[in-house]
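Just so it is clear, the structure is predicted and the values come from calculations on it, not from any experiment.
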Amino acid sequence: MKQYEQTMLTYLAEHELFEKGDRLVIGVSGGIDSMVLLHFLSSKRHQLGITITAVHIDHMLRGDQSEQDRRFVEQYCELWSVPFESFAVPVPAILERDGGNPQHVCRTERYRMFEWVMADTASYVLITAHHADDQLETVLMEGMRGSLKNGAFGMRIKRSFGGGSLVRPQLAVTKAEIVRYAKMHQVQHREDPSNSSETYTRNRIRKAIVPAIIEENPRAALHFAELAEQINEDEEFLQNLAEQTLRELLACPDELVVSAESFRNHAVALQKRMVLLLLNYLYNQKQVLITSQLAEQVRELLQSSSGTVFLHLPKNYMMRRQYDRVFFEKAKEQQEYIQADIGLAWSPPVKGVRYCVTAVGEEPEAADAAFWYFQSAETKFCLRGRKPGDRIELAGMSQEKKLARLMIDEKVPVQERQNWPIIVAGDDQVLLVPGLRTAACLSRTKRAGDNRVLVEQCTDYAKRGRN
């Protein structure tokens, strides 16, 4: 068996990236990396006991070239008998409307579509074509700009995603091995001109730095990939320990408040990770660059309990130390949600969606909408902010759960919890906590006795072009 195939099969088995019977979604751009991975998985699908769906995303940035890429991937999926899905995402329109970094917007929209296909096909594994050279580039890029990603070192082999996992089996092989496989099996591919543009940092690293490293040692990329794997295994242990320690340190589970003295009693390795956890809890995946310099500033302020000190953080947040107590908070109050009756009309938009409740059989014809059926004698339904004491009855639980506890478990930032919108029947029966959980009484399918429908419709989604 050839080197690429043997390496991949061994790697898949050692790391248990998926199991026999699994349904896989694979992102395929049409480039050599993804086409080789698609060819390998499709040729080994019976041996591995898997089914695969290929997904191609057109970011609508290159006109006819993008359409040609789509047709190219579709043609080979048909040739190799692989189910194919494609989506057109209007990235130029999104950038014009919202601004932002083009690469980040493309990645966000691409993975949003991958997650949608996973749900649509009942798949729990997303496969991407990143390889060992990509890992080397990632490590170099992160090292140069001093950014930290939850303490991770490069890309993970496997991580949680879309209710399942995202895996990168080609981290076991180099670009050179991928190229050799493509030549041996005559795997065709298309080149994206943007990959050679020196506008992007990664491309400059790929063209100017990586070749020099590979020339010194052709296996350097694999060594970096192995190093990243080892470091991430150690990091996972330390991260779990830091999370447990921080939970014990938080003065109140509903606030980000810690004792500086208690913080100082722990090893520096845990201190650094707890600082990153605090900042990530504060920002909750908002696009904020957390640099080593920022993290160290926070840690230094936690080394003393004397006096009152303020540290202004990005996005209008603040760290405030008053003697031994240290607070992480937003510098100004957020706007509260207005209470709205949704039994007769749509609610105002909240978090990009709107809601209404109707009688069964009177559901509106709403594009990109979700429907939940339930039985209720109530005639009053409203959208409002969370109140102290609110609880929700969740499926599989014998007792109602406090929304305050739910938001802690879901890692909702402290400053967002009080004003988080909820949907209630009557005065206090919580039906839905948007973006988090639904009550046990709601069902996606209509049941005997159901007489009400809760409708959720996106108000700012990008229309998908599905082919």
Side-chain angles (χ1 to χ4, degrees), residues 3-4 6-18 26-27 31 33-34 36-37 40 103-104 107 111 125-161 164-179 195 200-243 268-270 272-273 275-277 280 285 289-292 295:
Q3 182 175 350
Y4 173 95
Q6 182 61 65
T7 300
M8 289 287 288
L9 290 173
T10 301
Y11 197 71
L12 290 172
E14 287 181 351
H15 293 277
E16 299 180 342
L17 298 185
F18 47 77
I26 174 173
D33 304 332
S34 60
V36 163
L37 183 57
F40 169 75
Q103 284 188 311
H104 172 73
R107 185 185 186 281
Y111 279 86
V125 181
L126 170 65
I127 304 281
T128 64
H130 298 102
H131 48 76
D133 293 49
D134 290 328
Q135 183 73 292
L136 173 56
E137 294 167 9
T138 300
V139 171
L140 291 173
M141 186 163 60
E142 292 181 355
M144 287 193 304
R145 68 187 182 191
S147 62
L148 303 173
K149 293 183 177 179
N150 301 321
F153 188 82
M155 294 180 287
R156 301 301 304 267
I157 299 170
K158 183 176 184 178
R159 68 172 177 84
S160 297
F161 178 80
S165 59
L166 184 159
V167 302
R168 301 179 172 100
Q170 284 194 149
L171 289 182
V173 296
T174 63
K175 182 76 169 188
E177 290 174 298
I178 291 172
V179 171
N195 289 336
Y200 305 114
T201 302
R202 181 179 288 275
N203 290 350
R204 294 195 296 272
I205 292 174
R206 181 179 299 148
K207 294 177 67 175
I209 300 177
V210 171
I213 295 175
I214 300 301
E215 185 176 357
E216 286 293 326
N217 185 348
R219 295 185 59 81
L222 290 174
H223 293 328
F224 270 86
E226 291 167 0
L227 174 63
E229 181 180 341
Q230 294 168 5
I231 290 177
N232 283 324
E233 288 175 351
D234 293 344
E235 173 59 31
E236 184 175 359
F237 169 78
L238 289 171
Q239 189 70 13
N240 290 336
L241 182 58
E243 290 176 2
V268 172
L270 288 184
K272 291 180 176 180
R273 285 164 175 80
V275 166
L276 289 174
L277 284 169
N280 278 291
Q285 300 181 349
L289 180 64
I290 300 175
T291 65
S292 55

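Rounding to the nearest 0.5 Å gives a distance of 4.5 Å between CG of Leu277 and CD of Gln239. Of the inter-residue distances, the one linking Ile209 atom CD1 with Arg202 atom CZ reads 12.0 Å to the nearest 0.5 angstrom. Between Leu140 atom CG and Arg204 atom CZ the span is 13.5 Å, to the nearest 0.5 Å. For the atom pair CD1 (Ile157) and CG (Leu17), the distance works out to 7.0 Å, reported to the nearest 0.5 Å. Atom CG of residue Leu171 and atom CG of residue Asp134 lie 8.0 Å apart, to the nearest 0.5 angstrom. Remark: Phe161 CZ to Leu166 CG distance equals 6.5 Å, nearest 0.5 Å.
Side-chain contact check for Thr10 and Gln6: at least one donor-acceptor pair (N or O, by modelled atom type) lies under 3.5 Å.
Using a 4.5 Å heavy-atom cutoff, the side chains of Glu235 and Arg273 are in contact. When side chains are defined from C-beta on, Val173 does not count as touching Tyr11, because their heavy atoms never get closer than 4.5 Å. Looking at heavy atoms from C-beta onward, Met155 lies in side-chain contact with Arg168 at the 4.5 angstrom threshold. Annotation: side chain of Glu229 is in contact with side chain of His15 (closest heavy-atom distance under 4.5 Å). At least one side-chain heavy atom of Phe40 sits under 4.5 Å from a side-chain heavy atom of Leu9.
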Solution key, residues 210-226 side-chain donor-acceptor pairs under 3.5 Å, sequence neighbours excluded:
unit_1 : atom_1 : unit_2 : atom_2 : d
Asn217 : OD1    : Arg219 : N      : 2.9

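Remark: Lys175 engages Asp33 in a salt bridge (charged side-chain N to carboxylate O under 4.0 Å, His left out) (not counting sequence neighbours).
In terms of heavy-atom proximity, Phe18 sits nearest to Leu12 at CE2-CD2, 3.6 Å. Across every non-hydrogen atom of Pro169 and Thr128, the tightest pair is CD-O, 4.0 Å. Ser165 and Lys158 get closest at one heavy-atom pair: OG-CE, 3.6 Å. In this structure, Thr7 and Ala172 approach most closely via the heavy-atom pair CG2-O, 3.5 Å.
Proximity of a side-chain donor or acceptor of Gln170 to a complementary backbone N or O of Ala129 within less than 3.5 Å is detected. A distance-only check finds no donor-acceptor pair linking the side chain of Asp133 to the backbone of Thr174 [under 3.5 Å]. Between the side chain of Asn240 and the main chain of Phe237, no donor-acceptor pair closer than 3.5 Å is present.
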